[in-house]
Number of protein chains: 2
Amino acid sequence: MSLVDRLLSGDRRALARLATLVENADDVGEAALRRLYPQTGSAHIVGITGPPGAGKSTFINALVGVLRAGGRRVGVVAVDPSSPLSGGATLGDRIRMMERHADDGVFIRSMAARGHAGGLALATAGVVHLLDAAGFDMVLVETIGVGQDEFAVAGHCHTVVLLQVPGLGDGVQALKAGLLEMADILVVNKADRDGAAETVQTLRDMVSLGSWESAAWRAEVVATSAATGEGVDALLERIDAHRETLRETGAWVDRQRAMAAAEVSSRLHAELDRRFRGNDFEGAALRREIEEVADRRKPPAEAVANLLARLNAP
Amino acid sequence: MSLVDRLLSGDRRALARLATLVENADDVGEAALRRLYPQTGSAHIVGITGPPGAGKSTFINALVGVLRAGGRRVGVVAVDPSSPLSGGATLGDRIRMMERHADDGVFIRSMAARGHAGGLALATAGVVHLLDAAGFDMVLVETIGVGQDEFAVAGHCHTVVLLQVPGLGDGVQALKAGLLEMADILVVNKADRDGAAETVQTLRDMVSLGSWESAAWRAEVVATSAATGEGVDALLERIDAHRETLRETGAWVDRQRAMAAAEVSSRLHAELDRRFRGNDFEGAALRREIEEVADRRKPPAEAVANLLARLNAP
């Protein structure tokens, strides 16, 4: 039986093997993704983001517990960005999550940082597709919500959960422009700490000032204490409610389309980069545009306008 | 007189103003880049990369001193990646470099991290073009050499200088795969520290084991002490030698082409991302591909293959 068939029949080792192949951008992994793609689209993809120290891993552990108690199968893809400074802590968190390793209804994959532009986003999307095809009901994608990562998580998820901790007070800068607007649910984690109520209120005020794409859903603020499990049930209820709202309003289709667009765009970029770096232009048109830019006969923006016109020609 | 004409006539304030407009992706900046692009291509673009703590800013300060002593005009573009952890130190370094602010032959621009995918690379390329058009002989691009940045610096520079500090010993992992191969010149900075000779030797051994695209140039290892200025003359001599070798072997044209390709690719990616995020597909073809992927009628890889074929059609 092929790895793909084994994955579809619930074989965890085949899933783990394919995840590694996909992560390494191996041809076998690529071929598997092509075959499995029609089987995807059922899982609820939920991004969990927040700064280092927000307790993401403990939180995810608690959320997985609630999901499992309800009989749902859940996949976790933890994306480690390439910061060598936070590497140690995240690894420790990973190991803590491994306690669930024996449970067949949970699959955890920690993605190592890749050096390739677009590589990590693509590898993440690929592993999410595998989990989706393998029948996991929900896939949690954990990222550190700083820098360019936010867009990746928003681009690849139906629902974005942003974790914060009490004491936001003078740390409102932590909520950079765009980050708040991107979150569907805001969580004040470690809610047993001093200042939790104030932080909840601050976030609610910020939310009420924001502009939202849809009147049907405004970001909600939920307080949790992942360590004690308090509020995690309520949070899951909000995640489910967000999915329902997306489905009822038809916004689910828009999200699917945005996710497809993000993946196609990343993949096209990675593909172009690979060819450009290898000086392998394959066709005449791309080579001509690049040469004209290199020779200063055409500004980059004009070459890009020509390429976009080609992408859009009937 | 327009900002562009003022820049070409040597007006620093016009240059500073245009750099801000380019950094903000303002339409006026974009239009200026189009007009100025034919005037670019003369400057030697040198990437200076290395981990935090390698002393990049002090090193660049010393290098600028040597360049100015030789009567050369030099631009510095310092790229701050979005790490909030290193933000403070880099800002301090910036301020130290500002001592040169009074010198007309030096222009320093610190690029703030943008949230947009591809935005920082594009803004950096744009400001480099401005400095090139304004007649600066050399442009130094400073980046932190971790994560996906390496490719950006390699993609946008003729010559890549990688800084290391003594005591590499068990820190060889700092030289991640690809980073060494990308460097044209390796610098052991802070060479007055213990272990400098060993680190130089370790790097020379690593270089001799590496595979190099051209037999004409192998990465060289130079020891400097930026604080005392020791070795900085010799380093500049190697940077100049690299440029000469590129010119003599014709590799200069390949680098220009690779740089053009990197910029076109980043720009296309940013443009597609912007449209995809705004659900603004403009043309029928892109929209159709994305919809088919979203509806699971076509895997992403197939859509990308179709789009690439469009880019390459005669």
Side-chain angles (χ1 to χ4, degrees), chain A residues 30 33-34 37-38 40-41 81-85 113 115-117 146-148 150-151 155 176-178 253-254 256-265 267-269 271-273 276-277 279 282-286 289-291 293-294 296 299-304 307-308 310-314, chain B residues 30 33-34 37-38 40-41 81-85 113 115-117 146-148 150-151 155 176-178 253-254 256-265 267-269 271-273 276-277 279 282-286 289-291 293-294 296 299-304 307-308 310-314:
Chain A
E30 281 292 300
L33 280 178
R34 278 173 181 258
Y37 192 72
T40 65
S82 55
S83 166
L85 298 169
H116 307 275
V146 288
Q148 307 198 339
E150 293 102 58
F151 285 107
K176 291 195 210 126
V253 174
D254 296 337
Q256 293 279 43
R257 201 164 295 172
M259 288 157 74
E263 187 170 355
V264 166
S265 175
R267 198 172 261 274
L268 183 63
H269 185 58
E271 195 60 38
L272 286 174
D273 250 23
F276 287 165
R277 220 176 286 141
N279 221 345
E282 216 169 64
L286 262 177
E289 296 289 344
I290 298 297
E291 282 178 1
V293 171
R296 266 61 188 176
E302 198 180 320
V304 169
L307 295 175
L308 281 170
R310 282 177 164 268
L311 289 180
N312 268 323
Chain B
E30 282 291 302
L33 280 179
R34 278 172 181 257
Y37 192 72
T40 64
S82 55
S83 165
L85 299 170
H116 306 276
V146 288
Q148 307 197 339
E150 291 101 60
F151 285 108
K176 290 195 212 127
V253 174
D254 295 337
Q256 293 279 42
R257 201 166 295 173
M259 287 156 75
E263 187 170 354
V264 167
S265 175
R267 198 173 261 275
L268 183 63
H269 185 57
E271 195 60 36
L272 286 174
D273 250 23
F276 286 165
R277 219 175 288 141
N279 221 347
E282 215 168 65
L286 262 177
E289 295 289 344
I290 298 296
E291 281 178 3
V293 171
R296 266 61 188 175
E302 198 180 319
V304 169
L307 295 176
L308 281 171
R310 282 178 163 269
L311 289 180
N312 268 323

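Chain identifiers are assigned alphabetically (A, B, ...) following the order of the sequence lines, protein sequences preceding nucleic acid strands; residue numbering begins at 1 within each chain. Treat the numbers as computed from the prediction; the structure is a model and nothing was measured.
Note on A:P38, A:A301, A:A262, A:A258: by heavy-atom pairs under 4.5 Å with chain B, the leading option is A:A301. Looking only at heavy-atom pairs under 4.5 Å with chain A, the residue among B:E30, B:M259, B:R34 that has the most is B:R34. For the set B:Q256, B:R267, B:E291, the entry with the most heavy-atom pairs within less than 4.5 Å of chain A is B:R267. Ranked by non-hydrogen atom pairs under 4.5 Å with chain B, the options A:V253, A:T40, A:L307 are led by A:T40.
Here the side chains of B:L286 and B:L272 are in contact, with some heavy-atom distance below 4.5 Å. Looking only at side-chain heavy atoms (C-beta outward), A:L308 and B:E271 come within less than 4.5 Å of each other.
Applying the salt bridge (charged side-chain N to carboxylate O under 4.0 Å, His left out) test to B:E302 and every residue at least two apart in sequence or in another chain returns nothing. Legend: residues meeting side-chain hydrogen bond (donor to acceptor under 3.5 Å, both in side chains) with B:E289, ordered by chain and number and at least two apart, are B:K298, B:N306.
Contact of A:A303 with chain B is made through the side chain alone, with heavy-atom distances under 4.5 Å.
The two residues A:I290 and B:A260 make their nearest non-hydrogen contact at O-CB, 3.9 Å.
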